[in-house]
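Below you'll find the structure, written out as structure tokens, and then a few comments.
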There are 2 protein chains.
Amino acid sequence: MATAAPLTPERILEATEEVLRRHGAAKATVVDVARALGVSHGTVYRHFRTKAELRGAVTKRWLDRTSVALAGIVTGSEPPEAKLRHWLAGLFDAKQHKAGDDPELFATYTVLTEENGDVVNDHIAELTGQLTAIIQQGVADGDFASPDPALSARAVFDATSRFHDPCYAPHWSRPGIDEAFAAVLDLTVRGLRA
Amino acid sequence: MATAAPLTPERILEATEEVLRRHGAAKATVVDVARALGVSHGTVYRHFRTKAELRGAVTKRWLDRTSVALAGIVTGSEPPEAKLRHWLAGLFDAKQHKAGDDPELFATYTVLTEENGDVVNDHIAELTGQLTAIIQQGVADGDFASPDPALSARAVFDATSRFHDPCYAPHWSRPGIDEAFAAVLDLTVRGLRA
DNA sequence: CAGATGACAGATTTCAATATCTGTCATCTG
DNA sequence: CAGATGACAGATATTGAAATCTGTCATCTG
């Protein structure tokens with residue numbers, strides 16, 4: 001574990017992710033992270049002022065992976081309605097797999113998001129920003145009607161909460177969930193059409 | 001407290017509500033309920049087989065008050081779109097007030113709903129049933145388009161989750177919530193239109 | 001002397017002993 | 001004898017003492 005590589009914030013974040021994966025949100029300590037890196041815990045505090053800041057940085061990394069993946073759909077060449085459908089389906093699919101494939105890790109990150117409201121708000125702002133771009137394009141193309149694309153983006157995000165908000169994760173593996181998602185997706189897209 | 005009135009399930013439920021209001025969900029005990037009624041706790045077990053059953057019955061009473069209030073809108077004489085808007089606004093308003101006016105009591109009932117999934121499912125079935133009736137009327141009048149009113153009702157209920165699901169209660173007192181609700185309501189109604 | 005260390009104080013968590021509660025049932029009472 | 005009681009066993013919750021953790025900082029080291 002104690003490689004001689006220089007101690008970068010990046011390496012600390014990786015070690016923290018590993019410790020969180022192993023011990024869970026409740027039992028992951030700064031001392032554990034330091035041990036994984038082969039340094040004293042005082043050294044970790046040299047790079048991150050508090051444990052909360054460290055956990056916040058890890059949370060941001062985790063959330064950013066999703067927004068980066070979805071950004072590709074926004075800049076793609078599909079027509080706006082297809083973009084919107086694929087973007088929302090992609091978000092649901094990503095969440096569904098994160099929650100279903102490794103429930104323990106998902107629970108860990110759910111705790112992290114609960115204690116890092118600011119980081120989550122930034123993430124949501126990024127996502128609704130992407131939605132706004134899609135809707136603006138739709139309005140420009142004459143496919144969507146919206147006097148205020150940012151407000152419509154927020155409405156679309158809110159209306160699909162059940163399929164991306166972690167508080168609904170237990171529902172995502174229930175039978176009928178895909179039909180329910182399709183129904184909300186149709187309702188939402190129809191609501192935007194010109 | 002120990003009136004001589006006959007000990008009906010009704011009186012036990014009222015006493016249980018009072019004990020829950022006073023002590024909260026975590027500390028309300030069957031012994032407390034019995035004391036409030038001036039009987040021994042064994043007597044309470046004569047009317048309700050378990051504490052869980054007692055709490056479930058109280059939860060049902062609480063939820064039923066909301067569905068009964070909304071049922072009046074369904075059977076009213078407004079056109080379907082107005083009914084739908086008023087019904088959803090009524091649901092949001094009821095929740096917003098329950099949560100805002102007495103946060104402690106709302107937290108208590110939130111715990112109760114979490115431990116009584118079956119009762120909540122029945123409640124949701126009742127509410128989506130009411131929505132289905134409104135949508136069916138809208139389809140019959142030619143105002144709404146829906147190949148499957150029950151599925152559309154579920155979609156409308158899901159799309160507006162953010163404004164009736166207790167897990168979002170902390171959001172209901174935030175600035176901008178009414179604009180957000182109006183935006184989702186518009187999106188939803190537009191999505192249903194023929 | 002830049003960067004790491006580990007002892008330390010106060011805050012938080014753990015754990016086991018103690019107290020309380022749930023659900024039952026033999027007994028009591030009007 | 002219908003309905004209420006309260007002692008009881010096992011389950012659950014509370015409590016406080018002990019252990020661990022967070023964040024600081026004087027000291028050390030290459």
Side-chain angles (χ1 to χ4, degrees), chain A residues 1-59 104 107-108 110-112 114-116 118-119, chain B residues 1-59 104 107-108 110-112 114-116 118-119:
Chain A
M1 281 291 160
T3 65
L7 189 61
T8 59
E10 185 64 18
R11 280 191 62 222
I12 295 175
L13 290 178
E14 252 149 45
T16 306
E17 278 192 5
E18 178 58 22
V19 168
L20 282 165
R21 186 171 290 118
R22 279 240 172 79
H23 301 296
K27 293 193 180 166
T29 72
V30 175
V31 172
D32 290 330
V33 174
R35 188 168 25 239
L37 289 163
V39 299
S40 80
H41 76 282
T43 302
V44 173
Y45 279 99
R46 179 163 289 284
H47 293 84
F48 293 91
R49 283 212 305 282
T50 64
K51 183 187 184 181
E53 192 176 303
L54 177 59
R55 286 162 78 108
V58 169
T59 306
E104 276 190 47
T108 295
T110 299
V111 171
L112 288 182
E114 276 160 11
E115 66 190 33
N116 288 283
D118 294 351
V119 173
Chain B
M1 283 290 161
T3 66
L7 189 62
T8 59
E10 185 64 19
R11 280 190 63 220
I12 296 175
L13 291 179
E14 252 148 45
T16 306
E17 278 191 5
E18 179 58 22
V19 168
L20 282 164
R21 187 171 290 120
R22 279 240 172 80
H23 301 294
K27 293 193 178 165
T29 72
V30 175
V31 172
D32 290 330
V33 174
R35 188 168 25 239
L37 289 163
V39 299
S40 80
H41 76 281
T43 301
V44 174
Y45 279 100
R46 180 164 289 284
H47 293 84
F48 292 91
R49 282 212 305 283
T50 65
K51 183 187 185 181
E53 191 176 304
L54 177 57
R55 286 163 78 108
V58 169
T59 307
E104 276 190 46
T108 295
T110 299
V111 171
L112 288 182
E114 276 160 10
E115 65 190 34
N116 287 284
D118 293 350
V119 173

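Only heavy atoms go into these numbers, but all of them, side chains included; no hydrogens, no water, no symmetry mates.
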Reported CD-to-OG1 distance for the pair B/Glu115 and B/Thr59, which is rounded to 0.5 angstrom: 6.5 Å
Protein-nucleotides 21-24 of chain D N/O pairs closer than 3.5 Å?
unit_1	atom_1	unit_2	atom_2	d
D/dT22	OP1	A/Val30	N	3.2
D/dT22	OP1	A/Lys51	NZ	3.0
D/dT22	OP2	A/Val30	N	3.2
D/dG23	OP2	A/Tyr45	OH	2.9
D/dG23	OP2	A/Lys51	N	2.6
D/dG23	N7	A/His41	NE2	3.3
D/dG23	O6	A/His41	NE2	2.9

Atom pair distance, as rounded to whole Å: [atom1] in [X] and [atom2] in [N]:
X: B/Arg11; N: D/dA4; atom1: CZ; atom2: C1'; answer: 14 Å
X: A/His47; N: C/dA2; atom1: NE2; atom2: C1'; answer: 12 Å
X: B/Ile12; N: D/dG3; atom1: CD1; atom2: P; answer: 13 Å
X: A/His23; N: C/dT13; atom1: NE2; atom2: P; answer: 17 Å
X: A/Leu7; N: D/dG30; atom1: CG; atom2: C1'; answer: 17 Å

Complementary nucleotide of D/dC25, counting Watson-Crick and G-U pairs under 3.5 Å: C/dG6
Who pairs with D/dA17 - Watson-Crick or G-U, where each distance is under 3.5 Å: C/dT14
Side chain to side chain contact (heavy atoms under 4.5 Å, CB included) between A/Val31 and A/Arg35, intermediate numbers included: CA-CA 6 Å; A/Val31 172; A/Arg35 188 168 25 239; 4.2 Å; yes
Nearest-neighbour nucleotide for the B/Ser40 side chain, C/dG6, D/dT5, C/dG3 considered: D/dT5
Pair B/Arg11 + B/Glu14: basic N to acidic O under 4.0 Å: no
Main-chain N/O of B/Asp32 paired with B/His23 side-chain donor or acceptor, under 3.5 Å: no
Whether B/Asn116 side chain and B/Leu112 backbone form a donor-acceptor pair below 3.5 Å: yes
B/Thr43 vs D/dA4: side-chain N/O to OP1/OP2 distance below 4.0 Å: no
Whether over 12 other heavy atoms sit under 6.0 Å from B/Glu104 CD: no
